[in-house]
Each structure stands twice: as structure tokens, then as C-alpha cells.
Student: 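Following this message is one structure expressed as C-alpha cells.
First listed ligand is number 1; within each ligand, the first listed atom is number 1.
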Amino acid sequence: MSSTLQLAFLLGDGIGPEIVSAAVEVAKAALQMETIETEWQELPVGQIAIDEFGQAVPNQTLDVLEQVDGWILGPHDSASYPEPYLSQLNPSGSIRKHFDLFANIRPAKHFPETEALCPGTDLVIVRENTEGFYADRNTHQGTGEFMPTPDVAIAMGIITRQAVERIAHVGFQLAMQRRKKLTVVHKANVLKLTTGLFRDVCYEIAALYPEVTVDDFHIDAVTVHLLRRAPEFDVLVTENMFGDILSDMTGQLAGSLGIAPSINASANRAMAQAAHGSAPDIAGQGLANPIAMMLSTAMLLEWLSEQKQNPALLRAANLITESITQVVSAGTSTPDMGGSASTTEFASAVVSMILTKP
Ligand code: ATP
């Protein structure tokens with residue numbers, strides 16, 4: 001294996017090219033500061049891949065992803081794809097499924113001195129990524145959503161002990177590195193068997209982590225508790241769809257959906273991906289906040305640091321996070337955070353901040 005770090009990036013649709021380019025620029029600066037030799041490859045995905053290869057995720061893209069250490073995926077606007085792509089598994093779903101990226105880690109952290117619905121929020125949603133009620137992910141072939149007649153539509157939800165155990169371990173290990181509090185989110189009063197199994201297996205795993213304080217809430221109730229007192233929450237573990245919905249809300253509670261990062265990980269692979277979508281309403285106007293994509297990239301470097309036992313990668317990740325915080329504290333931000341910087345102006349400010357560090 002080469003000692004050169006191999007990273008890939010996939011621009012995606014909508015605001016994807018703007019925010020992924022900004023994240024790559026910032027990552028290059030941080031890696032350069034830590035003298036980590038890196039090779040970058042750009043790979044097609046989404047609409048441009050449909051145009052050029054007739055596939056939203058071309059086989060060539062998957063082949064390269066098999067070889068690299070990690071990658072950054074831009075958002076996709078799959079709702080605008082023509083048929084047959086519209087009905088197919090969307091790009092991030094199919095990449096997550098292909099690599100069994102079962103853990104979607106979505107932090108929501110308030111930047112000091114910025115406006116937010118819940119200042120002081122510092123929590124992480126740990127979302128199970130492979131099953132639940134997302135019909136595009138919960139079957140081996142085909143999807144868990146089907147129409148027996150034109151007027152009847154049925155969707156399946158699946159929860160398995162094995163999937164809950166592995167996501168619960170991720171949640172508890174994370175809680176051990178943080179404030180040692182974990183909340184299980186479910187709907188076991190109505191979806192008694194499925195989300196009831198999710199809750200019960202999480203409590204079984206809790207016995208292995210006696211230092212972590214555990215509680216649980218129904219998905220509807222937890223939205224109210226988060227609105228009232230988000231800063232009191234630490235790690236929240238939940239199934240696929242609940243986690244997807246909840247993490248958009250927590251991102252906004254912490255300041256903006258545009259600052260909400262994530263990684264999707266298995267035991268040996270990880271993909272950086274902003275928690276938000278392709279925001280077609282603001283695409284191409286320089287209005288997109290690249291912070292979520294930059295922080296997702298920092299999370300990827302942190303994950304790689306642990307995998308490779310390489311502290312320089314963690315320092316590069318911290319350099320990105322600290323520099324973003326300093327740039328925001330100094331008053332530079334994009335319009336969604338109340339500022340007036342464009343996407344590229346913000347990225348340049350972060351790069352300059354990184355390059356001025358001793
Ligand atoms: P998806 O279904 O892929 O999650 P969506 O259309 O439901 O996508 P988003 O694309 O995440 O949702 O956008 C929701 C709202 O948040 C939009 O009004 C969008 O402009 C805004 N938004 C999302 N990401 C950003 C960002 N990085 N910077 C600024 N605003 C953003």
C-alpha cells in the first residue's frame with residue numbers, strides 16, 4: 001500500500017460543485033500544513049454521470065471508490081432526474097448500500113456568537129443507515145415499497161437485531177468519548193415490534209457501557225424536548241428515517257442546515273457527506289454555505305486518523321474545524337448565517353486562516 005493518502009471527491013448536483021470544491025480546497029490546505037502527501041481524484045456522479053455514462057453512479061466510479069482511503073460525496077438532486085433514473089435507488093443510497101456504510105454520524109454544534117434557535121447545542125445523531133422504513137435500503141434486491149394496484153401503495157420497514165447492535169455500539173462508543181449520555185429515539189408505542197426491538201436491543205447493549213447514562217423518547221416527543229432544551233442532549237441513536245428527519249431539525253437548531261455535517265461509515269470505509277440536500281433553489285448563486293461539507297471532510301480525516309493511527313490526520317481535521325470557527329467568530333459567514341460572504345469568499349477566508357497557523 002502506498003503511503004500517499006488517496007482521496008476522491010464527487011461534486012454532485014445543485015450546490016454540490018460549489019460546496020465540494022470549497023471543502024476540497026480547505027482540506028488540501030490543512031493536509032499541506034501537516035505535510036500529508038495526498039492524491040485527489042474527481043469522480044462522476046449524478047446528472048453529469050447520467051449524461052456521460054448513462055448511470056447516476058457509474059461502475060467506473062464504484063471501482064475507484066473501492067481503492068481509495070475515503071471520499072467526499074456532494075448532494076444529489078435525484079428528484080429532477082429523468083426516468084428510469086428517477087425510480088432507481090438514489091446515488092447516496094446506492095453508494096451507502098454498496099459499501100454497507102451502516103453508521104450515519106450527524107453532529108449538530110452551535111458556533112459561539114452566532115444566531116441559533118438553540119444556542120449551546122452540541123449533540124450527535126447516530127442514524128442507522130441500512131434498514132428501517134427507507135424502502136430503497138431495506139431489501140437485498142428490489143425495494144421495500146410496492147403497488148399491488150394503482151390505488152394501493154405499501155411500504156415495509158425492517159429492523160434486525162444485528163443492525164441495531166452494531167449501530168448501538170457506535171453510539172455508545174461515541175458517548176464514551178463525549179459527555180457519556182445517550183438517548184434512544186423510537187416509536188415503540190405504535191411501531192411496537194420494529195422500533196420496540198430497536199429500543200430493547202439498545203438497552204441490552206447499554207449494559208456493556210455502564211458509565212453511559214441512557215434514556216429514551218418517542219420520535220414525536222423528542223422533537224419537543226430538543227426544541228426546548230437541545231443543549232442537554234449528547235448522543236441520540238435512532239433508525240434510518242427518524243434520524244434523517246431529526247438531523248435536519250437539529251442542524252437548524254444549532255444555527256443552519258448549512259452547518260450540519262455527517263460521515264457515513266462502516267468498520268473500514270467512510271464517506272463525507274453534508275446532512276443537507278442539493279438546495280436547487282440557491283444553486284449556482286454563490287449563496288451556499290460550505291461549512292457542512294468542510295466539517296464533513298474534517299470528520300472524514302478524523303475517522304482516517306483513527307483507522308491509520310496517524311495523529312497528523314487528526315491535527316489536519318482540527319485545523320479545519322478551528323479555522324472555520326475563527327473565521328465565523330471574526331464575522332465572516334454566508335447569508336444563511338446572517339453574513340454576506342459568498343461560498344468562494346468564505347472558502348478563501350478559511351484557507352487563509354489555515355495557512356497562517358504556526
Ligand atoms: P434532500 O431531499 O436532498 O434532503 P431538500 O430539498 O429536501 O433536499 P435541502 O436541499 O437540504 O432539502 O434544502 C432545504 C433548505 O435548506 C433549502 O431552502 C435550502 O436552500 C437550504 N439549504 C440547504 N443546504 C444549504 C446550504 N449549504 N447553505 C444554505 N442553505 C442551504
Student: Give, for atom CZ of F198 and atom CD of E128, the distance between the pair rounded to the nearest 0.5 Å.
Tutor: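 Interatomic distance, F198 CZ to E128 CD, rounded to 0.5 Å: 7.0 Å.
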Student: Below 4.0 angstrom, N of the basic side chain to O of the carboxylate: do D100 and R269 qualify?
Tutor: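 No, this pair does not count.
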Student: Can you confirm, on distance only, whether ligand 1 has an N/O atom lying under 3.5 Å from any N/O atom belonging to D336?
Tutor: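 Between D336 and ligand 1, no N or O pair is found under 3.5 Å apart.
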Student: Tell me which protein heavy atom sits closest to atom 15 (C) of ligand 1, plus the residue, atom name and distance to 0.1 Å.
Tutor: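 The closest heavy atom on the protein side is L257 CD2, 4.4 Å.
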Student: With salt bridge (charged side-chain N to carboxylate O under 4.0 Å, His left out) as the test, would you mind laying out the steps for D122 and R178 before giving the verdict?
Tutor: CA-CA 10 Å; D122 179 7; R178 292 173 48 92; 3.4 Å; yes
Student: Could you check atom 18 (O) of ligand 1 against the protein and tell me its nearest heavy-atom contact, residue, atom and distance included?
Tutor: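 Checked against all protein heavy atoms, atom 18 (O) of ligand 1 sits closest to D281 OD2, 3.1 Å.
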Student: Under a 4.0 Å heavy-atom limit, does P75 contact ligand 1 with its side chain, its backbone, both, or neither?
Tutor: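 No part of P75 is near ligand 1 at this cut-off.
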Student: Can you report which non-hydrogen protein atom sits closest to atom 10 (O) of ligand 1, along with the distance?
Tutor: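 Answer, as residue, atom name and distance: A279 N, 2.9 Å.
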Student: Would atom 30 (N) of ligand 1 count as contacted, meaning some protein heavy atom under 4.0 Å?
Tutor: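 Under 4.0 Å from atom 30 (N) of ligand 1, at least one protein heavy atom found.
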Student: Which protein non-hydrogen atom lies closest to atom 6 (O) of ligand 1, naming both residue and atom, and how far is it?
Tutor: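 Atom 6 (O) of ligand 1 sits closest to the protein heavy atom P280 CD, 4.7 Å.
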Student: Which residue and atom name correspond to the protein heavy atom nearest atom 3 (O) of ligand 1, and how close is it?
Tutor: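 Closest protein heavy atom to atom 3 (O) of ligand 1: G277 CA, 3.3 Å.
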Student: Among all protein heavy atoms, pick out the one at the shortest distance from atom 27 (N) of ligand 1; state its residue, atom name and that distance to 0.1 Å.
Tutor: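 Closest protein heavy atom to atom 27 (N) of ligand 1: N289 O, 3.0 Å.
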